[in-house]
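Input: a single structure, listed below in structure tokens.
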Amino acid sequence: MEDEPLLNAGIGACLNADGEVELDAGVMEGAALRAGGVACVKDVRHPIDLAVAVMQDGRHVLLSGSGASRFAREHGVEMTDPSVFINNRRRQKRQAGADTVGAVARDSDGRLAVAVSTGGISGKLPGRIGDSPIPGAGIYADDLFGAVCGTGQGEAFIRLGLARLMVIEMQHGIEPIAVAQGAVDFLGKSLQAQGGVILIGRHGHPHAAFNTPAMPYAMAH
Ligand code: ASP
């Protein structure tokens, strides 16, 4: 999905205040709470692959900017000319930060995971890092309770620690569907922020909730 220009990830991602694409991505596995995130990368073809490489390496959770690019080169992750990400400058400038790409999953052994990739928000200051690569803010997965992924105003997700909060609510037995709706209500009421969440518990279907005009999502078995 990082190759789909209509989505705010990889090719077609929104532009920062300097008219450049800076990409964030994150991944977390619920079995051993392993996580990897990358931020402000400009020349990595698939930031989600780099997030996975950071997680698998295991020394750190978050890498950003030139250090993240260097790690990518050293670990054989595909690099690219930054211009590849810009295919329609006018549309990418207008993009309101919607259509980040995220997924939550549970396999047949009950293992949970989350992954997300985004250009962040349109017009952001260079160097800005959103919630997506940060475990606890935009993503979280714990096999014992659930996996969640957020989209929307990342600063609000970071300030609320929303992804972790949602997993704690599932830990306390609140139904996943109520957790999802409660999270977007909280986002709106506490910080007047807009966004959406997808989540999956240890059992049952995944759920989505949002307080934005729309948030396309799909489920597969
Ligand atoms: N949450 C992302 C960010 O703030 C943007 C989005 O999901 O649309 O970087």
Side-chain angles (χ1 to χ4, degrees), residues 1-2 4-28 35-42 44 46-48 50-51 61-65 68 85 91-104 114-141 147-167 180 183-184 186-188 190-199 206-218:
M1 292 172 94
E2 291 173 330
E4 169 51 62
L6 289 175
L7 301 175
N8 181 20
I11 296 172
C14 66
L15 303 181
N16 69 12
D18 285 350
E20 291 182 333
V21 169
E22 287 184 324
L23 300 165
D24 294 350
V27 63
M28 185 161 182
V38 296
C40 295
V41 296
K42 298 180 182 181
V44 175
H46 291 289
I48 194 66
L50 182 54
V61 170
L62 280 170
L63 289 180
S64 70
F85 295 123
R91 189 185 58 76
Q92 287 172 258
K93 204 171 171 182
R94 278 201 314 269
Q95 204 160 22
D99 298 328
T100 282
V101 177
V104 290
V114 54
V116 64
S117 184
T118 184
I121 56 175
S122 182
K124 65 186 183 179
L125 292 179
R128 178 262 190 191
I129 298 172
D131 59 314
S132 303
I134 304 177
I139 55 169
Y140 204 79
V148 315
C149 183
T151 181
Q153 293 172 8
E155 284 72 8
F157 278 80
I158 295 171
R159 289 164 63 194
L160 297 173
L162 199 57
R164 184 75 181 104
L165 185 60
M166 291 167 71
V167 173
V184 295
F186 186 42
L187 201 58
S190 61
L191 296 179
Q192 291 74 52
Q194 288 207 312
V197 296
I198 54 173
L199 88 182
H207 298 282
F210 48 95
N211 65 5
T212 49
M215 187 184 80
Y217 61 93

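In listed order, ligands and their atoms are each counted from 1.
Partners of Lys42 by side-chain hydrogen bond (donor to acceptor under 3.5 Å, both in side chains), not counting sequence neighbours, listed by chain and number: Glu20.
Proximity of Met215 to Ile198: side-chain heavy atoms (C-beta onward) are separated by under 4.5 Å at one or more points.
Atom CG of Asp18 is separated from atom NZ of Lys124 by 11.5 Å, given to the nearest 0.5 angstrom. Distance CZ/Phe157 to CG/Leu191: 10.5 Å, rounded to 0.5 Å. Between atom CZ of residue Arg159 and atom CG of residue Leu187 there is a gap of 10.5 Å, rounded to the nearest 0.5 Å.
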Would you sort out whether Arg128 and Glu22 count as a salt bridge (charged side-chain N to carboxylate O under 4.0 Å, His left out), showing the intermediate values? CA-CA 9 Å; Arg128 178 262 190 191; Glu22 287 184 324; over 6 Å; no

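Residue Thr151 approaches ligand 1 through these ligand atoms, each under 4.0 Å from one of its heavy atoms: 6 (C), 7 (O), 8 (O). Atom numbering of ligand 1 starts at 1 in the shown order; those under 4.0 Å from a heavy atom of Asp131 are 1 (N), 2 (C), 3 (C), 4 (O), 9 (O). The Gly130 neighbourhood of ligand 1 comprises atoms 9 (O), with distances under 4.0 Å to a heavy atom of that residue.
Relative to atom 9 (O) of ligand 1, the option among Glu22, Lys124, Arg128 with the closest non-hydrogen atom is Arg128. When Ala39, Gly152, Gly119 are ranked by how near their heavy atoms come to atom 5 (C) of ligand 1, first place goes to Gly152.
For the pair Gly150 and ligand 1, the shortest N or O to N or O distance does not fall below 3.5 Å. Here's the thing with Thr100: one of its N/O atoms is less than 3.5 angstrom from an N/O atom of ligand 1.
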